[in-house]
Asks: 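Just passing along the structure, written as structure tokens.
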Amino acid sequence: FHECGDVFSCHLVHNPDRESELELLREYGKDVPEHLLSKLTDVFCELREAVVQGRLSYPYSTRELVNIVRHLQKFPTESLHSVTDNVVAFDKHNVSTVKILREIFAKYGVPIISSTNSLSTRTLAKPQ
């Protein structure tokens with residue numbers, strides 16, 4: 001801080017509300033099914049709420065969500081669990097964190113895998 005602390009200014013940028021985030025995702029994932037964009041948005045809203053509640057320490061942001069959608073847009077045949085696993089890769093070594101992540105992702109039917117076990121590798125069915 002002594003050498004350069006006074007030249008930086010920190011600003012907190014909040015994540016957008018759910019509808020704004022969905023609108024943003026639609027732009028990045030024009031060919032990604034709407035029901036999948038909605039599920040992913042719900043997952044990330046709940047992940048952020050888990051941070052507020054103190055259950056998780058890493059605040060998953062719109063940036064990670066956009067990266068998932070961009071990847072799905074560019075590589076539509078890649079399995080969803082491998083894409084989501086990439087986002088949670090750092091946390092998958094903490095057993096208690098993996099448990100929380102599994103609960104949240106499973107609640108919305110979005111698959112993730114951990115270092116040793118898979119939560120689900122099923123594909124998402126379009127809601128009826």
Side-chain angles (χ1 to χ4, degrees):
F1 186 80
H2 182 5
E3 281 80 21
C4 63
D6 59 346
V7 296
F8 293 105
S9 180
C10 296
H11 300 279
L12 177 63
V13 178
H14 294 283
N15 290 302
D17 62 72
R18 186 183 188 284
E19 288 308 313
S20 298
E21 193 164 60
L22 265 172
E23 187 175 333
L24 176 69
L25 296 178
R26 288 182 194 113
E27 290 298 315
Y28 282 103
K30 293 185 184 301
D31 301 317
V32 177
E34 179 73 21
H35 76 279
L36 182 53
L37 296 177
S38 183
K39 284 180 179 252
L40 289 169
T41 300
D42 290 340
V43 166
F44 274 72
C45 286
E46 189 157 337
L47 288 173
R48 294 178 198 128
E49 184 60 33
V51 171
V52 170
Q53 296 169 350
R55 295 174 58 213
L56 292 174
S57 60
Y58 181 75
Y60 291 94
S61 70
T62 301
R63 179 186 68 219
E64 285 96 359
L65 184 51
V66 165
N67 286 336
I68 289 173
V69 171
R70 287 177 63 201
H71 192 93
L72 292 172
Q73 176 68 28
K74 190 169 184 177
F75 306 103
T77 60
E78 187 165 351
S79 63
L80 182 58
H81 64 79
S82 68
V83 179
T84 55
D85 188 54
N86 188 39
V87 171
V88 299
F90 183 77
D91 286 327
K92 71 181 181 179
H93 302 290
N94 182 321
V95 175
S96 61
T97 300
V98 167
K99 182 180 178 197
I100 295 166
L101 292 172
R102 283 180 172 180
E103 290 171 5
I104 293 171
F105 276 77
K107 179 177 178 180
Y108 298 97
V110 178
I112 62 169
I113 54 179
S114 72
S115 57
T116 57
N117 300 321
S118 77
L119 167 69
S120 171
T121 57
R122 68 177 190 258
T123 56
L124 292 172
K126 190 171 184 176
Q128 307 216 6

Asks: How long is the gap from OG1 on T97 to CZ on F90, to the nearest 0.5 Å?
Replies: 10.0 Å
Asks: I need the single residue from I68, L25, L72 that forms a side chain to side chain contact (heavy atoms under 4.5 Å, CB included) with V32. Which is it?
Replies: L72
Asks: Which word best sums up how the rings of H71 and F75 line up, parallel for under 30°, tilted for 30 to 60°, or perpendicular for over 60°?
Replies: tilted
Asks: I want to check something: taking the side chain as every heavy atom from C-beta on, are E64 and F44 in contact at a cut-off of under 4.5 Å?
Replies: yes
Asks: Any Lys/Arg nitrogen of E34 or R26 sitting under 4.0 Å from an Asp/Glu carboxylate oxygen of the other?
Replies: yes
Asks: How about L47 and L56: do any of their side-chain heavy atoms sit closer than 4.5 Å?
Replies: yes
Asks: Looking only at heavy atoms, what is the nearest atom pair of G109 and K39, with distance?
Replies: CA-NZ, 4.5 Å
Asks: Look up atom NE2 in H14 and atom OG1 in T62, then write down how far apart they are to the nearest 0.5 Å.
Replies: 12.0 Å
Asks: Say whether E21 and T41, considering side chains only, have a donor N or O and an acceptor N or O under 3.5 Å apart.
Replies: no
Asks: Keeping the roles fixed (side chain from E27, backbone from L24), state whether a donor-acceptor pair exists under 3.5 Å.
Replies: no
Asks: If you measure from CG on L40 to CZ on F105, what distance do you get to the nearest 0.5 Å?
Replies: 8.0 Å
Asks: Could you tell me whether the side chain of E46 reaches within less than 4.5 Å of the side chain of D42, counting heavy atoms only?
Replies: no
Asks: Work out which heavy atom in P111 is nearest to a heavy atom in L80; give both atom names and the distance.
Replies: CD-CD2, 3.7 Å
Asks: Counting neighbours of OH on Y58 that are heavy atoms of other residues, nucleotides or ligands and sit closer than 6.0 Å, is the number greater than 12?
Replies: yes
Asks: Using a 4.5 Å cut-off on heavy atoms from C-beta on, say whether the side chain of V88 contacts that of T84.
Replies: no
Asks: Can you list the steps and then say if N67 with V87 is a side-chain contact (heavy atoms from CB on, under 4.5 Å)?
Replies: CA-CA 9 Å; N67 286 336; V87 171; 5.7 Å; no
Asks: Keeping N15 on the side-chain end and S61 on the backbone end, is there a donor-acceptor pair under 3.5 Å?
Replies: no
Asks: Does a side chain donor of either S20 or E23 reach within less than 3.5 Å of an acceptor in the other side chain?
Replies: no
Asks: First locate atom OG of S96, then atom CG of L101, and finally report the distance between them rounded to the nearest 0.5 Å.
Replies: 9.5 Å
Asks: About how many Å separate CZ of R48 and CD1 of I104, when rounded to the nearest 0.5 Å?
Replies: 11.5 Å
Asks: Tell me yes or no: between the side chains of Y60 and D91, is some donor less than 3.5 Å from an acceptor?
Replies: yes
